[in-house]
Amino acid sequence: MVAVLGRVLGLWGARGGWLFAGVTVSVVSVLLGLALMALAGRGVADGIHAGTLFVGGGGLAFVMLRGVVVARPVARYLERLVTHEATFRALADTRVWFFGRLAERLPAGIGMRRMGDLLGRLVSDVEALDGFYLRALVPGAAAIAAVLGIAVVLGFASTALAAVVVVPLALALLLPPLLAPRAARVATAVASRQGALRAAVVDPLTGMEDTLAANAEARAGARVAAEGAALAEAERRVAREAAIGGAAGAVLIRLALLGALGWGLAMGAEGMAPAVLAVFLAVASAEALGLMPRAGASIAAAAAAGARLFEAADTAPPVSDPATPAAAPIGHALGVEAVRFAWTPDRAPVFESLDLDVPEGARVALLGPSGSGKSTLAALLLKLAAPAGGRITLGGVDIADLPAALVRTRIACLTQDARLFDDTIAANLRIADPGADDAALWQALDRARVGEVVRALPDGLATQCGEAGVRFSGGQARRLVLARVLLSPASVLILDEPAAGLDAANERAFLETLESATAGRSVILITHRLVGVERPTRILRLVGGRAIPAAG
Amino acid sequence: MARPLVIRSVGIGVALVAVGIAEAWLIAGLLARLLGFGDAGWPALVLAGGLALIAAGLGIAQERAQVAAGEAAKARLRAQAFSRLLDKGVQDLRPVGARTALVVDRVDAMEGYFARWVPAAMLAIIGPLMVAGAAGAMDGVTGWILVVAGLMVPVAQAGAGIGAAAASRRQFGALQALSGRFLDRMRGLPTLVLFNREKAEQSALGVRAEELRVRTMKVLRVAFLSSGAMELIAAATLACIAIRHGAVLGEAHPDPTAALFALLLVPAFFQPLRLFAQAYHERLSATGAAADLAPLLGAVGTGGGLVLETVPPRVTVTFDNVSLTYDSARGAALDGLSFRVGAGETLVLMGASGAGKTSVLRLLMGFARPDGGRIAFNGRDAMALRPDELRRMTAYVGQRAHLFRGTLAENIRLSRPEADEAAVQDAAAAARVMDFAADLPLGLDTVVGEGGFGLSGGQAQRVAVARAFLRDAPLVLLDEPTAHLDPGTEAEVMESLKRLCLGRTAIIATHARGFRAWGAAVLDLAGGRALGKQMAGD
């Protein structure tokens, strides 16, 4: 827990100034609160008891009171503003950092991790971290300042009185760390229940057609209700822990107050002044310490959220970049030499000893049934996975010695799961080449044989695609992602079933123009059959983990 | 909301205020004794200790009542919102992430409203009145000072609240957009990585987060202003009472205990108002959330219609001059389409993408309603049926089957949950799922992830075919079932599909040539119209 929270603080390092300012304003605000109550109490005590112990004190207390009455609300307002500002800045950093880490570590997709879970991780877990600062660090610092302040003020009057008041308050301060481990357990349960609920909602919404086709609406609803009930059960336990902590804290704070009164009763007249002061300070401390018992739950929740964030962020990257990258190669001939590869050690190897050459400007057609490793080969060439043996060269340089980003600027790939984003057509195309002008976009669209479709849209290039291109038919969406790859300035193109989703006429027309559409670039055409118009320079068939020359 | 839960919560709150007043009275007596007045002593101290314990117990009870109230309300809202989203079905084009945020986050945002706002609003009136009454009984002026202060609080809050409600809605809009964008970009992370765009997207995410910060701070600046106003009123009240009893009544104070009591009551007076202010922010965020949820909370089941008594064993499908337009800017999807598929026959719809093949299936699935013409099952108007009743008649295999998180067997059983083990096994065998499942260590009990991780496209498609076998419906609808498969797999899946269609009425939208070889009727479509029907064997 400590290590996780330490790392969270480390992530926030750049925002240290804001975070520290928030704590400082908060401490000032709490001390002003103590002063307000102490001065008011002293003024009344003076007034009632004028002439005995506080000669002239009453007047002075009231003069000071006026200043504090104004300063205190201003300090409170600033405290809230600065601490929230600091939290938001820190949290934005965390979000961006987390996305970047996932991009490094899960590039080939999210696999078994539930999408709903991941969404929950970024949005709610990152937000749970704010509780650590806002509800634990800030009130903790303020409460410590209050207890120290009370100890110092009362310490001047009587050590015994100081002890009677400060010991219960200090115990109330210790409650959060004492209660945190218990709270951590229940908070973990809540977070995982929340993830499960989210997944129960996401899954049927993602597979909407299949859910409806199976008349499974009621079952999906029952699952959401069941996950909701499980979450409520976990939340109830969290609330109970928090309520018990809160009650314990309130009793301890009362104990300090009653202790001061008891001390006064026992001491008689000579203890009067310090005891009265102590009573009012104890009353005022309730506000400073009131939030502390609940800080335990916040610490626990933040630690649990942080642990999950880091677990996802620390997944080992599938292929790490070389420490000292080789110089960028000039050419773009691809060579695959004796490559061995298996996705996991316990699964059958995809390639035993694969050899393949793609000279500059070549058009290689790669045939084979699904599961023969065509997509795996693309993943290896793009450094989404690393071969267990053998090597892959680009322009004569082993790609293991090149940064993945450099390899991916040279090689562009149309994968089977290429996606359209919920953005405009233009923005979706410019993912391949951010600087491309509209003319280049239209050229790519025409080459992918989707230009006419886009021209017919009222908004043209500015048309929103919807999530995963849902506003277009499957074939149109596929042609749009094909246009994106054709727009890319990369010198090697891997096209995995580029004609899927095209009807026969368009498929033929596209493949006929493939040569001109990809002029001067190397092309690896992954397909399960040739139409006969592709004019590849080589045809290879993937069989049993090897590439074997095949007849057209 | 369950009314008894609110009444219990308010009742406990009233008891807490009463205990607070009693505590203040005992402590005031003890303080007065320290100052040399009155005769309160150790018994009062013990009594005050006892009251502190009672207050602690009441606090725990109140929290329980609040949680229970919030829980009940959330469960109801969530169920309603989710069932409406399923009702809207495929017509709802909002990203899944945004829709999920509605059901999960937006409903959660409503909790504070039910758990705390309603009880707090009642206590904010009852509590301060009780305290002011207690103070007024001792000293009328003090009572009036408190009443005036109490009246100033809502005035200050209303002033701040008007701007905050609108700002709160904007903040929720930003949160929703952020969450939708993240899910969308996470799904396409491989695409972003392949184009080296992950860094750019990361900074775009940073920009969105920054926008969210700016929007949220706008809400909070106003919200904090209203709580700042209350702090000021509280501090000023404390000062007024201190001056009233310290400087004005002063030396010859008629009742020192009452003076101290008045002072100690100030925190107790503002406590319910403070809770009210906190809850007021929850009401504001709930208002924002409620505005987004409102469209989902209307009457459920707008797509009313007839209910099937039993699913007929055989069905003839007739389209008579059917037209359908999704979006007038993009033209008609179906334009006066007519055809007939007899019971047990198969019709293959062919045509370029956008020709209207999928639209035919969407109508038969109840995902869309025709703008004109008539669709009939066995001669009766099929559109009179409720959309989900329409789907009871059909088994469907789409382009890419969605595999839900669960075992293969659970995924197959989706189409007929009451099916027994043997039926699932038979369906798996018929769809040749067993060809690959037999090699998996857990067989049909292998867990597959959301999106079907670990299975190839062909394998996922076979699971979908197994679902269709298990469903055993009279009408089979296939939408490009082999579009993403290689020829070997395609041939295998097609062979299973052929057996599936045997003896059932089937409509297949495809442009795979293989289906032409089935000997079934083929209807070529273009621009939502039939180009002419080619009968089997022609």
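Order of the sequence lines fixes the chain letters, A, B, ..., with proteins taken first and strands second; residue numbering starts at 1 for each chain. If you're wondering where the values come from, they're calculated on a predicted model, not measured in any experiment.
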Part of [X] within contact of chain B (heavy atom distance under 4.5 Å):
X	answer
A/Ala432	both
A/Glu497	neither
A/Arg236	both
A/Arg219	side chain
A/Ala250	neither
A/Val201	both
A/Ala220	both
A/Thr415	side chain
A/Val481	neither
A/Ile244	both
A/Ile253	neither
A/Asp93	neither

So, do [X] and [Y] sit near enough that their side-chain heavy atoms are less than 4.5 Å apart?
X	Y	value
B/Leu31	A/Leu261	yes
A/Met208	B/Leu86	yes
B/Val67	A/Glu235	no
A/Val485	B/Phe195	yes
A/Glu217	B/Asp87	no

Engaged part of [X] at the chain A interface, taking heavy atoms whose separation is under 4.5 Å:
X	answer
B/Asp479	neither
B/Gln202	both
B/Arg221	both
B/Glu71	side chain
B/Ala79	neither
B/Glu23	side chain
B/Leu264	side chain
B/Ala75	neither

Rounded to the nearest 0.5 Å, what's the gap from [atom1] on [X] to [atom2] on [Y]? Could you check?
X	Y	atom1	atom2	answer
B/His402	A/Thr211	NE2	OG1	6.5 Å
B/Phe82	A/Leu205	CZ	CG	5.5 Å
A/Ile411	B/Leu194	CD1	CG	10.5 Å
A/Asp203	B/Leu403	CG	CG	9.5 Å
A/Asn215	B/Leu414	CG	CG	10.0 Å
A/Met272	B/Leu35	CE	CG	5.0 Å

message: Could you check whether any side-chain N or O of B/Arg78 sits under 3.5 Å from a backbone N or O of A/Val224, counting only pairs where one atom can act as donor and the other as acceptor?
response: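 No; zero donor-acceptor contacts below 3.5 Å.
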
field: B/Arg471 side chain to A/Ala213 backbone, donor-acceptor under 3.5 Å
entry: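 It does hold such a pair.
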
- prompt: Most heavy-atom pairs under 4.5 angstrom with chain A, which of B/Gly59, B/Gly206, B/Ala48, B/Gly89?
  reply: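 Top option by heavy-atom pairs under 4.5 Å: B/Gly89.
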
message: Assess the residue pair A/Arg198 and B/Asp105 against the criterion (side chain to side chain contact (heavy atoms under 4.5 Å, CB included)); give the C-alpha distance rounded to whole Å, side-chain angles, the decisive distance to 0.1 Å, and a yes or no.
response: CA-CA 9 Å; A/Arg198 228 176 256 279; B/Asp105 305 292; 2.9 Å; yes

task: Start with the C-alpha distance between A/Val202 and B/Arg99, add both sets of side-chain angles, then the distance that settles side chain to side chain contact (heavy atoms under 4.5 Å, CB included), and finish with yes or no.
output: CA-CA 8 Å; A/Val202 165; B/Arg99 280 182 280 161; over 6 Å; no

task: Using salt bridge (Lys or Arg N to Asp or Glu O under 4.0 Å) as the criterion, list what pairs up with B/Arg467, not counting sequence neighbours.
output: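 Applying salt bridge (Lys or Arg N to Asp or Glu O under 4.0 Å) to B/Arg467 gives A/Asp210.
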
Which residues share a salt bridge (Lys or Arg N to Asp or Glu O under 4.0 Å) with B/Arg392, sequence neighbours left out: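 Testing B/Arg392 for salt bridge (Lys or Arg N to Asp or Glu O under 4.0 Å), a comparison that skips the adjacent residues, returns B/Glu389.
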
message: Could you go through A/Arg254 and B/Leu53, starting from their C-alpha distance and side-chain angles, then the distance that decides it, and tell me whether this counts as side chain to side chain contact (heavy atoms under 4.5 Å, CB included)?
response: CA-CA 9 Å; A/Arg254 268 290 177 261; B/Leu53 290 176; over 6 Å; no

